[in-house]
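What follows is one structure encoded as structure tokens, with my remarks underneath.
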Amino acid sequence: MDEQPRLMHAHAAVGMSGHPGLAPHIPDNTGAADGDGRKQDIGDILQQIMTITDQSLDEAQARKHALNCHRMKPALFNVLCEIKEKTVLSIRGAQEEEPPDAQLMRLDNMLLAEGVSGPEKGGGSAAAAAAAAASGGVGADNSAEHSDYRAKLSQIRQIYHTELEKYEQACNEFTTHVMNLLREQSRTRPISPKEIERMVGIIHRKFSSIQMQLKQSTCEAVMILRSRFLDARRKRRNFNKQATEILNEYFYSHLSNPYPSEEAKEELAKKCSITVSQVSNWFGNKRIRYKKNIGKFQEEANMYAARTAVNAASVSAHGSQANSPSTPNSAGGYPSPCYQPDRRIQ
DNA sequence: TGGGATGATTTCTT
DNA sequence: AAGAAATCATCCCA
């Protein structure tokens with residue numbers, strides 16, 4: 001490598017200016033200075049170029065060197081440069097300028113939203129919080145699951161960034177390698193900077209398609225993690241004893257009409273630390289199960305009825321009405337342990 | 001570990 | 001849309 005790489009444009013400027021001596025095995029026809037001689041020269045050079053790949057490496061190197069030193073080389077090189085420039089330009093006009101990839105944008109947006117590709121904090125826990133909110137969870141017991149989710153997410157995040165870095169490094173290394181190769185080749189064949197640029201573009205596109213696969217699989221991993229997280233939250237937890245008692249108290253003290261209003265539901269929900277829809281679910285289940293098997297609930301009904309009676313007695317003794325949703329409304333203040341089908345349950 | 005209890009979900013009805 | 005009824009999925013205790 002005793003020469004500087006000569007790119008196409010630089011070389012074009014050199015033009016027909018003189019070139020050092022000939023290789024020993026190439027016949028010196030300069031003296032003839034006629035057209036046939038030059039044709040012969042060019043024919044020889046082209047022939048050698050065509051057969052260069054059939055030769056051994058050493059042989060080829062020697063031949064390459066000989067070609068480089070040939071006096072006709074600059075002229076031929078210029079001609080090739082011109083031809084190639086025209087061809088490349090016409091080819092290039094037809095391609096390139098693809099539209100921005102919508103799929104890639106979607107993946108990027110999702111990775112950002114899930115906190116994988118964005119800043120370290122916030123995103124992941126925000127997504128987790130959103131998931132928690134969406135599930136309408138009871139709360140309190142989910143901090144462990146929450147941190148588990150975050151830990152797994154940060155694991156995914158770490159893998160993603162490591163892989164991304166690896167790809168970028170590999171891409172840079174490969175690009176440098178190819179550029180060096182092209183520069184080296186530009187000594188013997190016309191290669192324009194634009195062509196190198198184009199090649200770099202091709203390499204980058206290839207690597208970005210690999211990156212896209214990485215992004216896709218990362219997205220899938222996040223989705224799986226997230227669905228598992230939501231499933232875990234959907235896991236049924238029995239309400240605590242106190243909550244069940246509050247709900248039962250209301251149910252049996254309103255046995256004649258066990259349909260709490262929205263306000264009553266909200267108050268019960270607050271008291272039991274559950275959601276309004278959970279209160280609705282509970283009453284829905286309770287009504288249907290009570291109705292299906294009144295006998296089984298007899299004992300329970302009696303117990304709550306007695307309790308309610310005691311409460312009512314103590315309330316009246318204090319001369320004030322409780323504003324609790326469990327305030328009995330049944331006639332006589334002692335709801336019948338037996339189901340009275342006078343209202344909605346049917 | 002089986003089976004009843006129970007909270008949630010789905011489908012149907014009013 | 002609210003509730004009834006059926007069903008699913010999980011809990012939890014003997």
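Lettering follows sequence order; numbering is per chain, from 1.
- Residues passing the salt bridge (charged side-chain N to carboxylate O under 4.0 Å, His left out) test with A:E300 are A:K286, sequence neighbours excluded.
- With sequence neighbours left out, the ring pair (Phe, Tyr, Trp, His ring centres under 6.0 Å) criterion links A:F283 to A:Y250.
- Taking atom CZ of residue A:F283 and atom C1' of nucleotide C:dA5, one finds them 18 Å apart after rounding to whole Å.
- Rounded to 10°, the helix from B:dT1-C:dA14 to B:dT14-C:dA1 has 10° between the axis fitted to its first five pairs and the one fitted to its last five.
- In this structure, the side chains of A:F207 and A:E168 stay at 4.5 Å or more apart for every pair of heavy atoms.
- Side-chain atoms of A:H177 do not come within 3.5 Å of backbone N or O of A:E173 as any donor-acceptor pair.
- Spacing between atom NZ of A:K265 and atom C1' of C:dG3 amounts to 9 Å, rounded to whole angstrom units.
- Whole-Å rounding puts the A:R287 CZ to C:dA4 P distance at 4 Å.
- A:R106 pairs by the salt bridge (charged side-chain N to carboxylate O under 4.0 Å, His left out) definition with nothing, not counting sequence neighbours.
- Taking A:N240 as the reference, A:Q242, A:A243 meet the side chain to side chain contact (heavy atoms under 4.5 Å, CB included) condition, with sequence neighbours excluded.
- In summary, A:K265 and A:E262 engage in a salt bridge, as defined by a charged side-chain N under 4.0 Å from a carboxylate O.
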Within the sub-3.5 Å range, which N or O atoms of nucleotides 4-7 of chain B have a protein N or O partner, and how far apart are they?
from	atom 1	to	atom 2	distance (Å)
B:dT6	O2	A:R236	NE	3.0
B:dT6	O2	A:R236	NH1	3.3
B:dT6	O2	A:R236	NH2	3.0
B:dG7	OP2	A:W282	NE1	3.4
B:dG7	O4'	A:R236	NH1	3.3
B:dG7	N7	A:R289	NH1	3.1
B:dG7	O6	A:R289	NH2	2.6

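- If you measure from atom NZ of A:K292 to atom C1' of C:dA6, you get 7 Å, rounded to the nearest angstrom.
- Under the 4.5 Å side-chain contact rule for hydrophobic residues, A:L247 and A:M303 share a cluster.
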